[in-house]
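Shown next, in structure tokens, is the structure this report addresses.
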Amino acid sequence: MSYNFKKTEEKWQKYWSEHHSFEAINGGDKPPYYILVEFPYPSGSGLHVGHVRSYTAQDALARMKRMQGFNVLYPMGWDAFGAPAEQYAIKNHIHPKDAVKENIKTFKKQMQTLGFSFDWNREFSTTDPEYYKWTQWQFLQFYKHNMAYKDSVSVNWCPNCKTVLSNEDAAGGVCERCGCEVVQKEKEQWMLRMGDYAEDLLKGLDDTNFADKVKLGQINWIGKSSGVEVDINIVGGGKFSIFTTCIETIYGITFFVIAPDGKLIKELMPRIENKEEVMAYINETAKKSNMDRTELNKGKSGCLVKGIKAINPVNGKEVPVFLGDFVLGNYGTGAVMAVPSHDQRDFEYAKEHNIEMIQVISGRDVSEAAFEKHDYLGKGCKLINSGEFDGLTVEEAKKKITEKLVKEGIAREVNNYKMRDWIFSRQRFWGEPIPMIYCKKCGWQPMKEEDLPLVLPDVAEYEPTESGESPLANISDWVNTTCPKCGGPAKRETDTMPNWAGSSWYFLRFMDARNDKEFASMEAMKYWNKVDWYNGGMEHTARHLLYARFWVQFLYNIGLVPNKEMIWTRVSHGMVLGSNNEKMSKSKGNVINPDDIVNEYGADTLRVYEMFMGDYEQDAPWSTDSLKGCKRFIDKVIRLYDKVNDKEGYSKDLESLQHKTIKKITNDLVTMAYNTAVSALMILVNAYEDKDSVTKEDYHLLLTLLDPLAPHISEELNEKLGYKPLCESSWPVYDESKTVDNELEIAVQVNGKLRGTIKIRKDEDDEVVKKIAFDVENVKHNIEGKEIKKVIVVKNKIVNIVAI
RNA sequence: GGGGUCGUGGCGGAACUGGCAGACGCACCAGACUUAGAAUCUGGCGGGAGACCGUAGGGGUUCAAGUCCCCUCGACCCCACCA
């Protein structure tokens, strides 16, 4: 049988498109099933073989689910705002939307040649005004519910380029573009009160089916820690607060450390005797704020704050106060109690600055530098040098000391979270404009909802401003407007939203993508209910997922979505690495372009190979040799066509294997075991090949099972057999009783070592099995002269004879 | 410093709630068909001559450990002075 894969693949892609085979309709009798893959950022370099891996995996699931009778939604769109498109546009003096348009075209064409069963009817880009209208509208809801506010935040600033830099662009404290030193600069930014949702975001995880590692990622990012906030009096009046998770060590305080970038030090300034020294240290910290402080001066830098002494509330001891950049101004209270005997960083700091240490937990020699924080926990260590609390265990002391301080009214039990409010402003052109207007008279005013979308201006020239405002600030036609409240002259916000904004709710839009009255109707969202299956990269399981969940929870709280969690299962896939086992990159010259592979080997081969290459959740290196093996497999399937005979029904001797294979693939496609699904198909094909001929139905079954992975060739051969298209057919059902052989071969061990195998009937009586086992020559030989202690028979599995 | 993932042939990887380690594929070797090659087919393929030894290394639990427990080593990723 001859076969032109190019023509065939095009033929079926055309068929699916013309027959609307994969377009989901909201409603109907079939149960809904929503499969989502992260929509890509359409970069200029085109689709990556990594995209192909996850899209194929979810495509296989989608195709099987459709055949199983589900109403499957498998949509695709574009996350197209962001810096790369903006950079490209500045350089080439074109509008980023034009660059994005081109890239989307390329991506879409590539996806179509791979035969993914996306519902193209619901396609959109986050950069479409029809879409970002609703992103802006939702921002207004945040604002109206007091969830958005402006605050001063320090940003990475390059004095040379006069631009705000992301943490990535400012890596190592050096501007990526010009190489000059990055400084910190205070800037007013829009913030979303995500911190308020910390506890809800933790609790909400119970209503999801995320993989454990994904849940852990979320939990770690939220970073809850429970402790005590204590008021500390300053000698001569005044006070400040500290936060600690180890209140039991409070008698060991020998100094306090406050953050150089916090508010407290500014308040204390008038009373400080060594102002110059302190100021110098503050400035130094500001400079290196984003550098890797750890490497330079691990936890040791700082200076004494002269003129300020603080009082330990439990024993009245007066101790010095230091400034140290290991304390962060924006976490906890920006001040800590230092107990060098029981905290690594405090210890190092104390050693550097010659500060006294007091041991307050027994069982540790503090002069040894090698101790670990929390090492004493749960080991029965007792408190010492702690007044009335001496002799208590750590656990008891934690409770008792907290109780006492709370009773005295100088302490509170509090939870702290690493997760902060979301900095929502970007000083960039290519993002959703924030729909706020500043009026000198009325202050910040939200735009009227009916005036949305606020579209980006249609210009092709824009450079960042001197002061680091967004390029939008230069476009005066756009900036100058009128106040929605008083009608007087006013200016638009020129900051835009972060890339994370549009991707925080796109999965809702897919449920009702063409709605021009609402972002999605409640009816549509209730119909699809939740994303059943969300696949993406491990790198997005912390931030993107958290932002999306926060966004949804907010919408839920104001009654706009039906569930507090709109994503049920989240799974992640491994990367496709270059053949040298390193991340693919142009500079390393190890990039594989999917187009080349499709042209030379066909889409089906690429699909099968990417599913076969390894554990889906693990990274896997590219191997063109292995790819060729998959091509051979497909050729074998094609050659089998010539072996089809004209007998009716299935071949009896294939029955058991066929049922096993159906079971294996049906399960593997929902447990992400795509590689073993392929190997099961290979085994089935090998079995067919070993026979002189197979029946039409045998062959049809094989093609049906292969269809999710290699749909073009499967459809083609299936059509030649005279069946209706597979995309309109049903998934086969296996009979459990036929997946187990009636006669099996099991192992016989003597003292745990394999000594032979025996053939038995399924579920054979234990005594009979024993008898057969003892009859094996090698077994006899190995138990000769020994006493039989015990014989273990595990049904249908193994016999183990214990003999001494 | 914290967290995560993981370590199985020459390679990618299989092995369900502990039960014949190395499925399936690649590479390689030998043979068949060919003037020759490609393609295809047949056989072999962890180590060792062997008893046996083998899942990073060392202990442990068990009739039985790649799988469970403890320790050590190593790789990769994420967050990182989080009090």
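All chains are named by letter (A, B, ...) in the order of the sequence lines, taking the proteins before the strands, and each is independently numbered beginning at 1. Note that the structure is predicted; figures quoted are calculated from it, not measured.
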Do [Y] and [X] meet the salt-bridge criterion of a basic N to acidic O distance under 4.0 Å?
{"X": "K398(A)", "Y": "E395(A)", "answer": "no"}
{"X": "E767(A)", "Y": "K770(A)", "answer": "yes"}
{"X": "K795(A)", "Y": "E764(A)", "answer": "no"}

For a quick test of reading the model: is some side-chain N or O of [X] closer than 4.0 Å to OP1 or OP2 of [N]?
{"X": "Y331(A)", "N": "A83(B)", "result": "yes"}
{"X": "R639(A)", "N": "C41(B)", "result": "yes"}
{"X": "R420(A)", "N": "C82(B)", "result": "no"}

- When you compare G9(B) with U55(B), how far apart are their C1' atoms, in angstrom units rounded to a whole number?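 My reading of the C1' atoms in G9(B) and U55(B) gives 10 Å.
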Close aromatic pair by centroid cut-off 6.0 Å: [X] and [Y]:
{"X": "Y674(A)", "Y": "F612(A)", "value": "no"}
{"X": "F240(A)", "Y": "F256(A)", "value": "yes"}
{"X": "Y417(A)", "Y": "W221(A)", "value": "no"}

Toward the 5' end of RNA chain B, by each residue's nearest nucleotide, V678(A) or K753(A):
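The 5'-side residue here is V678(A).
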5' precedence on RNA chain B between M682(A) and N220(A) (nearest-nucleotide basis):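 Result: N220(A).
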Write down the distance between [atom1] ([X]) and [atom2] ([N]), rounded to a whole number of angstrom.
{"X": "L577(A)", "N": "C77(B)", "atom1": "CG", "atom2": "P", "answer": "10 Å"}
{"X": "R543(A)", "N": "G3(B)", "atom1": "CZ", "atom2": "P", "answer": "21 Å"}
{"X": "I634(A)", "N": "C26(B)", "atom1": "CD1", "atom2": "C1'", "answer": "16 Å"}
{"X": "K418(A)", "N": "C81(B)", "atom1": "NZ", "atom2": "C1'", "answer": "11 Å"}

### Task
Could you please name the option among A83(B), G4(B), C79(B) that lies closest to any side-chain atom of L216(A)?
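Looking only at heavy atoms from C-beta outward on L216(A), the closest nucleotide is G4(B).
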| message | Among A27(B), C81(B), G25(B), which nucleotide has an atom closest to any side-chain atom of R632(A)? | response |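 Selected nucleotide (nearest to the side chain): A27(B).
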G-U wobble or Watson-Crick pairing nucleotide for [N] (cut-off 3.5 Å, both distances):
{"N": "C68(B)", "answer": "G60(B)"}
{"N": "A30(B)", "answer": "U42(B)"}
{"N": "A21(B)", "answer": "none"}
{"N": "G74(B)", "answer": "C6(B)"}
{"N": "A36(B)", "answer": "none"}
{"N": "G1(B)", "answer": "C79(B)"}

In 5'-to-3' order, the base (B), backbone-only (S) or no-contact (-) status of each nucleotide in nucleotides 8-20 of chain B, using a 4.0 angstrom heavy-atom cut-off, is ----BSS-B--BB
Check: Of the options T254(A), T249(A), I232(A), which is the one that meets M337(A) in a side chain to side chain contact (heavy atoms under 4.5 Å, CB included)?
Finding: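 Output: one option passes, namely T249(A).
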